[in-house]
Amino acid sequence: KNEVEQSPQNLTAQEGEFITINCSYSVGISALHWLQQHPGGGIVSLFMLSSGKKKHGRLIATINIQEKHSSLHITASHPRDSAVYICAVGQGAQKLVFGQGTRLTINP
Amino acid sequence: DAGVIQSPRHEVTEMGQEVTLRCKPISGHNSLFWYRQTMMRGLELLIYFNNNVPIDDSGMPEDRFSAKMPNASFSTLKIQPSEPRDSAVYFCASSFRGVAETHNTDTQYFGPGTRLTVL
């Protein structure tokens, strides 16, 4: 069993829909990261959180430490949100363990 | 800021050849990470440095892989000899660890990656 599990693996939705991507982990963590990988391959850090909720524009990330679960939400989704979203957990100081990613496609 | 710079962006080589990947972290960052991404295994941490010192190299696959960071602005990942199973995209990332108003502590900034193909 992977230490970091994401669901779904693939998600296709229509423009405007509310999107939720889930991440569950089985190890103790110092922080949880959400990353976005564009179709061209570049990786951008979206959030780093260790408790509660963070919001940036249309993106919201939440984490429940007791349940070892995090969600990434996208409101009013747009085709430019199409990307692979990767959950990663920080173990110890800085070592990251990654989920397999969720491929999101938003159709116009 | 130029961001994390990696070179080359693409490398095609033959099995048995030596491959050297290069990374220049963001100025002021004191942590540097090397990752490998494949379809089968996703993203994996190979090694990371703090203040130019290797901290954790448990992800380095085998002795054919080595990484150095001779100064705060440069790191290399070397594969010698290369094998077809080393084909992957190799990412370098940097971050700042500490207390500073100008840096988001521990947020990692990724380079564009080097796509390595070993024939």
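Each chain gets a letter, A, B and so on, in the order the sequences are listed, and its residues count up from 1.
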Check your understanding: Applying the 4.5 Å side-chain criterion to the ILVMFWY set and letting contacts propagate, would L119(B) and L116(B) be lumped into a single cluster?
Key -> no
Review point. Of all heavy-atom pairs between L43(B) and F98(A), which one has the smallest distance, and what is that distance?
Key: O-CD1, 3.4 Å
**Study point:** Option in L45(B), I55(B), V89(B) with maximal non-hydrogen atom pairs under 4.5 Å from chain A
**Key:** L45(B)
**Study point:** Contact summary for F110(B) and I43(A), nearest pair of heavy atoms
**Key:** CB-O, 3.5 Å
Review point. Honestly curious: do L104(A) and F47(A) fall in one hydrophobic cluster under the side-chain, below-4.5 Å linking rule?
Key: yes
Practice item. Determine, using the 4.5 Å side-chain heavy-atom cutoff (strictly less than), whether F49(B) and I26(B) are members of one ILVMFWY cluster. Key: no
Check your understanding: Under 4.5 Å between any side-chain heavy atoms of Q37(B) and Q37(A), yes or no?
Key -> yes
Check your understanding: What part of R41(B) gets closer than 4.5 Å to chain A, counting heavy atoms only: side chain, backbone, both or neither?
Key -> backbone
Review point. Should we count CD of Q9(A) as having more than 12 external heavy atoms under 6.0 Å?
Key: no
Practice item. Please say whether more than 12 non-hydrogen atoms of neighbouring residues, nucleotides or ligands are located less than 6.0 Å from CD in E62(B). Key: yes
Review point. More than 12 non-hydrogen atoms from neighbouring residues, nucleotides or ligands closer than 6.0 Å to CG on D63(B), yes or no?
Key: no
Review point. In terms of heavy-atom pairs under 4.5 Å with chain B, which of I86(A), V97(A), L96(A) leads?
Key: L96(A)
Check your understanding: Any idea which heavy atoms bring S45(A) and Q108(B) closest together, and the distance?
Key -> CB-O, 3.5 Å
